[in-house]
2 protein chains.
Amino acid sequence: MIFAPVLRLTSFHQETSSGTGVLIMISTTAEMTRARYEIRRHKHLARRHEHTDRLFRIEDGWACQYRLLPDGRRQIIALFLPGDYCEAQWVLTGQANWPIVALTDMFVTEIPFHDIRARHAAHNSQEPDGMKSLLGSIMHTLKSHEKWIVNLGRMSATERICALLHDLVERLRPSGKVVSNHCPMPLTQYDLADIVGISSVHVNRVLQMLRGEGVISLEAGRLALLNPVELRRLGGPAHV
Amino acid sequence: MIFAPVLRLTSFHQETSSGTGVLIMISTTAEMTRARYEIRRHKHLARRHEHTDRLFRIEDGWACQYRLLPDGRRQIIALFLPGDYCEAQWVLTGQANWPIVALTDMFVTEIPFHDIRARHAAHNSQEPDGMKSLLGSIMHTLKSHEKWIVNLGRMSATERICALLHDLVERLRPSGKVVSNHCPMPLTQYDLADIVGISSVHVNRVLQMLRGEGVISLEAGRLALLNPVELRRLGGPAHV
DNA sequence: CGTTCTCTTGATGGGTCTCAATATGCGTGG
DNA sequence: CCACGCATATTGAGACCCATCAAGAGAACG
């Protein structure tokens with residue numbers, strides 16, 4: 001009785017979504033009535049072990065989830081881009097495990113859990129393709145984590161950065177922020193460093209190299225992929 | 001109708017389990033009737049993109065999930081120890097995404113999905129504490145992945161290895177394989193290297209150092225924590 | 001009883017870190 | 001509108017961690 005519905009979600013294993021924003025379909029009318037908040041850069045959307053009863057959907061801006069070690073080392077665990085839902089597993093646990101901070105000024109909408117429940121109850125599964133699920137979102141997070149474990153464990157600094165830049169562009173594409181391989185890139189080199197697990201100084205050198213090779217241009221918070229093919233190649237070999 | 005049951009699983013956010021073997025309670029009678037298979041070392045439990053209709057529960061032996069790059073680099077994504085369920089998310093997707101291979105000779109039992117479904121239907125949630133869930137298992141995987149992202153991104157080789165050894169012992173403890181800080185450790189140094197993302201040669205040197213410091217002893221496939229306090233300290237600072 | 005893993009150890013080189021100094025940009029308040 | 005402070009980007013020098021290559025010794029295995 002509890003598992004049966006879960007098991008019916010089998011069809012999500014080949015989802016083509018390229019973001020984590022796959023939680024649930026939202027009718028525009030519902031969206032209109034939903035509160036929209038502005039969050040300034042460096043403000044926290046969640047703190048460690050904080051309890052919550054709602055999800056954030058990111059309308060605009062970037063955020064990240066991170067862990068901080070007492071000696072100052074920081075590792076970013078997840079990035080949240082426009083269209084993404086922050087930490088879909090909150091619905092399951094009711095608790096954020098690690099802090100989430102705004103990397104830019106942002107606009108978010110809040111979705112109370114009871115809304116998600118009600119909305120999901122309303123949707124019967126007559127729409128095999130159109131509806132995405134909470135579990136789909138979590139599966140997506142799992143896949144993303146696995147990918148970054150491989151990158152952090154076995155890829156060089158250049159490979160990691162190229163893979164990240166490629167990922168970012170592909171994730172921004174559905175939200176319409178990519179125009180002819182140009183898109184916003186508000187991350188500082190410190191942020192990039194804490195995502196790919198290297199020092200910010202070395203991030204700088206790798207970016208210089210990529211610019212020198214004519215692979216990318218990156219200035220004034222905008223990224224351009226001048227040679228996407230080469231970028232992909234530098235991002236490391238595909239997995240067997 | 002679909003989400004309501006999922007949302008009732010909120011109580012798992014503080015599970016104290018230390019393994020991934022938190023899928024579901026299995027009555028001993030059911031376990032008796034279940035097929036038990038032997039799998040030889042280096043045999044695959046699953047291959048890439050293989051479809052399946054059952055889960056494995058590991059009765060004895062160790063297995064791992066890994067990714068292989070064309071140039072030979074390997075990164076182990078997950079480790080499965082006695083008592084663990086292999087890849088609980090299979091129930092959701094019906095598909096293994098990455099290969100799983102036996103690191104030792106093993107004994108496993110197979111659990112068809114329809115068994116899990118039926119068993120879960122039988123359990124009504126009168127037992128708030130005793131029953132663990134598929135979702136709890138997936139949440140556990142998520143946490144474990146996050147931890148390894150931090151380790152791979154921001155920890156030194158020594159810290160990674162110490163954290164891994166500490167983790168292994170804690171995960172083996174519930175299955176009764178740890179006696180006064182001694183336990184089996186069948187991983188080769190190549191395996192260790194592919195878990196912590198360093199070369200096997202360097203794994204050897206770190207282990208030598210740990211032995212020299214009197215922190216551990218490791219020989220003939222058995223690990224002893226001679227100085228657990230120091231091991232934890234070397235495993236890196238706790239997260240803020 | 002050879003063959004193949006696995007472990008060990010040394011030498012060398014390279015990738016990346018740390019420290020440090022300087023430049024550049026940007027927001028804030030005078 | 002300018003001055004200042006602070007965050008960010010850049011660049012160099014040196015050191016260190018760790019990878020790679022290579023060779024040999026046990027141990028396991030058929």
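Note on naming: letters A, B, ... go to the chains in the order of the sequence lines (proteins, then strands), and numbering restarts at 1 for each one.
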Rounded to whole Å, please give me the gap between [atom1] in [X] and [atom2] in [N].
{"X": "Leu103(A)", "N": "dA7(D)", "atom1": "CG", "atom2": "P", "result": "16 Å"}
{"X": "Asn204(A)", "N": "dT24(C)", "atom1": "CG", "atom2": "C1'", "result": "13 Å"}
{"X": "Glu219(A)", "N": "dT8(D)", "atom1": "CD", "atom2": "P", "result": "18 Å"}
{"X": "Asp71(B)", "N": "dA19(D)", "atom1": "CG", "atom2": "P", "result": "15 Å"}
{"X": "His202(A)", "N": "dT11(D)", "atom1": "NE2", "atom2": "P", "result": "15 Å"}
{"X": "Gln189(B)", "N": "dA27(D)", "atom1": "CD", "atom2": "P", "result": "14 Å"}
{"X": "Ile198(A)", "N": "dT18(C)", "atom1": "CD1", "atom2": "P", "result": "12 Å"}
{"X": "Gln208(B)", "N": "dC18(D)", "atom1": "CD", "atom2": "C1'", "result": "16 Å"}

Review point. Do Gln65(B) and Glu87(B) have a side chain donor and acceptor closer than 3.5 Å?
Key: yes
Exercise for review: Would you kindly say whether Ser200(B) and Gln189(B) are connected by a side-chain donor-acceptor distance under 3.5 Å?
Suggested key: no
Point to revise | No-H, no-angle donor-acceptor pair, Arg205(A) side chain to dG15(C) base, under 3.5 Å | key: no
Check your understanding: When rounded to the nearest 0.5 angstrom, what is the spacing between CG in Leu55(B) and CD in Glu110(B)?
Key -> 10.0 Å
Is [X] touching bases, backbone alone, or none of the nucleic acid, heavy atoms closer than 4.0 Å?
{"X": "Arg211(A)", "result": "sugar-phosphate"}
{"X": "Thr188(B)", "result": "sugar-phosphate"}
{"X": "Ser200(B)", "result": "nothing"}

Review point. Which of these nucleotides, dT16(C), dT11(D), dA9(D), is closest to any side-chain atom of Val201(A)?
Key: dT11(D)
Review point. Can you tell which of dA9(D), dT10(D), dC18(D) lies closest to the side chain of Ala157(B)?
Key: dC18(D)
Check your understanding: OP1 or OP2 of dT8(D) sitting under 4.0 Å from any side-chain N/O of Arg41(A)?
Key -> yes
Check your understanding: Are any of the side-chain nitrogens in Arg74(B) or Asp191(B) under 4.0 Å away from the carboxylate oxygens of its partner?
Key -> yes
Point to revise | Val206(B) or Arg40(B), whichever maps to the more 5' nucleotide of DNA chain D | key: Val206(B)
Practice item. Check the angle between the aromatic planes of His145(B) and His145(A) and answer parallel, tilted or perpendicular using the 30° and 60° thresholds. Key: perpendicular
